[in-house]
Amino acid sequence: MQQCGPSSPSCSTSDCFPLGTLNTAACGSETSAEPQKREPAGLFRMRPIVIFYGFYLLCFGLGVACVVCVCLWNSKWRGGFAWDGSSLQFNWHPVLMVTGLVVVYGNGAVLYRIPLTWGQNKLPWKLLHAALMLLALVLSIVGLCAVFDFHNAQKTPNLYSIHSWIGIAATALFAMQWVAGMAGFLLPCSPVSLRKRLKPMHVWLGGSILTLSIAACISGINEKLFFVLKGINMTQPYSALPPEALLGNSLGVLIVAFGLVVLKILSTREWQRPDSRPEDMAYTPLLQEENE
């Protein structure tokens, strides 16, 4: 391995190994350290950040499109919204589940990947992450209340379909995930050893909950379309692909695309928040200063 030359005794590790690649121009003699050779390294450092923001904007745009489509579907084709035990109350269910369990949840999950948050006090971003996840959880619980009240008012059985099983499992795991995250990462009394054990499971379970939420949403969309588009009362059947079916199928595709972009952001190592301190010093509980 090439060492830093005598003409640059103060050459730091970051100068010698930008992005894990040996930079001999920065570590060699004064004649080899030409200014124009540092420009490609700077551009190379910026490339992952530029690509990230492209994916992040795509994620945000897909999330907005999902919310617009689900609201348009239930307001224009399903008659609007109410809270009276009728089918209009049921319409809150897909809107709140898609908005909370998919869109808000996904945006909360990628919050730590935003480069603007790096190098800053991590505590405000932890609190924002927890708040977004709590909002997503509350929306999903209200969405479940809407469908349970509707089923009870119509004397319809609850939890009989694979869609409902997956949806309940995703919401239950989400609630446990939020409580465990609050206890393990934000309470002052949580030890560093607990955080080290909890973090890998927290990350893995977060992606799993998003996957379950997407499966519940697309199966629910398909189930709803089969129920309402039967080809009776002067309506076209689902097999004829009327405009409502086109919108519902498009919503399902948008949800899947949103989830894939979120999982791509979460799984790319270049976009993970860098640690500014060693692992055993990288955590300070709530109410204390954090500079990770």
Side-chain angles (χ1 to χ4, degrees), residues 52 54-78 81 90-111 113 129 132-147 161-175 177-178 203-229 238 241-268:
F52 167 83
F55 273 89
Y56 183 73
L57 290 176
L58 179 60
C59 172
F60 183 81
L62 288 171
V64 171
C66 289
V67 175
V68 170
C69 281
V70 72
C71 290
L72 180 63
W73 178 25
N74 288 276
S75 60
K76 181 176 180 179
W77 276 280
R78 296 292 99 216
F81 306 94
F90 176 87
N91 292 342
W92 283 112
H93 176 66
V95 170
L96 293 175
M97 301 308 283
V98 170
T99 302
L101 210 54
V102 175
V103 176
V104 177
Y105 182 95
N107 280 278
V110 302
L111 182 65
R113 300 298 192 265
H129 173 76
L132 286 175
M133 291 306 188
L134 180 60
L135 175 61
L137 181 60
V138 170
L139 290 176
S140 61
I141 291 174
V142 175
L144 289 178
C145 291
V147 70
S161 66
I162 186 65
H163 157 68
S164 60
W165 288 13
I166 296 174
I168 284 293
T171 307
L173 287 173
F174 185 15
Q177 167 90 330
W178 191 89
V203 173
W204 174 82
L205 192 57
S208 300
I209 292 170
L210 179 62
T211 303
L212 288 174
S213 302
I214 293 170
C217 286
I218 60 178
S219 61
I221 292 169
N222 212 30
E223 184 179 288
K224 180 66 174 180
L225 291 175
F226 276 124
F227 281 156
V228 300
L229 299 178
Y238 187 20
L241 206 63
E244 182 177 357
L246 281 173
L247 181 63
N249 289 351
S250 299
L251 173 61
V253 172
L254 287 172
I255 290 173
V256 172
F258 175 84
L260 291 175
V261 173
V262 170
L263 292 175
K264 166 63 178 175
I265 292 174
L266 294 178
S267 62
T268 302

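Quick caveat: nothing in here was measured; it's all calculated off a predicted structure.
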Report yes if some heavy atom in the side chain of [X] is under 4.5 Å from a heavy atom in the side chain of [Y]; otherwise report no.
{"X": "L212", "Y": "F174", "result": "no"}
{"X": "F258", "Y": "L263", "result": "no"}
{"X": "M97", "Y": "T171", "result": "yes"}

Gap separating the [atom1] atom of [X] from the [atom2] atom of [Y], nearest 0.5 angstrom:
{"X": "I209", "Y": "M133", "atom1": "CD1", "atom2": "CE", "result": "8.5 Å"}
{"X": "L251", "Y": "L225", "atom1": "CG", "atom2": "CG", "result": "9.0 Å"}
{"X": "R113", "Y": "F55", "atom1": "CZ", "atom2": "CZ", "result": "14.0 Å"}
{"X": "L205", "Y": "L210", "atom1": "CG", "atom2": "CG", "result": "11.5 Å"}
{"X": "C66", "Y": "I255", "atom1": "SG", "atom2": "CD1", "result": "5.0 Å"}
{"X": "N107", "Y": "C59", "atom1": "CG", "atom2": "SG", "result": "5.0 Å"}

Below 4.0 angstrom, N of the basic side chain to O of the carboxylate: do K76 and E244 qualify? no

Using modelled atom types and a 3.5 Å cut-off, is there a donor and acceptor pairing between side-chain atoms of [X] and backbone atoms of [Y]?
{"X": "S164", "Y": "S161", "value": "yes"}
{"X": "H93", "Y": "V147", "value": "no"}
{"X": "H163", "Y": "A216", "value": "yes"}
{"X": "N91", "Y": "R78", "value": "yes"}

Y56 and F52 aromatic ring geometry - parallel, tilted or perpendicular at 30°/60° bounds: parallel

Does one side chain, of N249 or Y238, offer a donor that lies under 3.5 Å from an acceptor on the other? yes

Does atom CZ (F81) have a neighbourhood of more than 12 heavy atoms from anything else shown, all under 6.0 Å? yes

Please check if the number of heavy atoms outside W92 that lie under 6.0 Å from its CH2 is greater than 12. no

Considering all heavy atoms, the nearest [X]-[Y] contact:
{"X": "S250", "Y": "L246", "result": "OG-O, 2.7 Å"}
{"X": "L229", "Y": "P242", "result": "CD1-CG, 4.0 Å"}
{"X": "V103", "Y": "G63", "result": "CG2-O, 3.7 Å"}
{"X": "W77", "Y": "P243", "result": "CZ2-CB, 3.8 Å"}
{"X": "A215", "Y": "I166", "result": "CB-CG2, 4.3 Å"}
{"X": "V70", "Y": "N74", "result": "O-ND2, 2.8 Å"}

For I168 and L144, run side chain to side chain contact (heavy atoms under 4.5 Å, CB included): C-alpha distance rounded to whole Å, both residues' side-chain angles, the deciding distance at 0.1 Å, then the answer. CA-CA 8 Å; I168 284 293; L144 289 178; 4.0 Å; yes

Step by step, would you call I162 with E223 a side chain to side chain contact (heavy atoms under 4.5 Å, CB included)? CA-CA 10 Å; I162 186 65; E223 184 179 288; 5.8 Å; no

Evaluate L137 against L101 for side chain to side chain contact (heavy atoms under 4.5 Å, CB included), listing each step before the verdict. CA-CA 7 Å; L137 181 60; L101 210 54; over 6 Å; no

Might you work through the side chain to side chain contact (heavy atoms under 4.5 Å, CB included) test for L132 and Y105, ending with a clear yes or no? CA-CA 7 Å; L132 286 175; Y105 182 95; over 6 Å; no

Knowing that exactly one of L260, L266, I265 qualifies, which makes a side-chain contact (heavy atoms from CB on, under 4.5 Å) with V262? L266

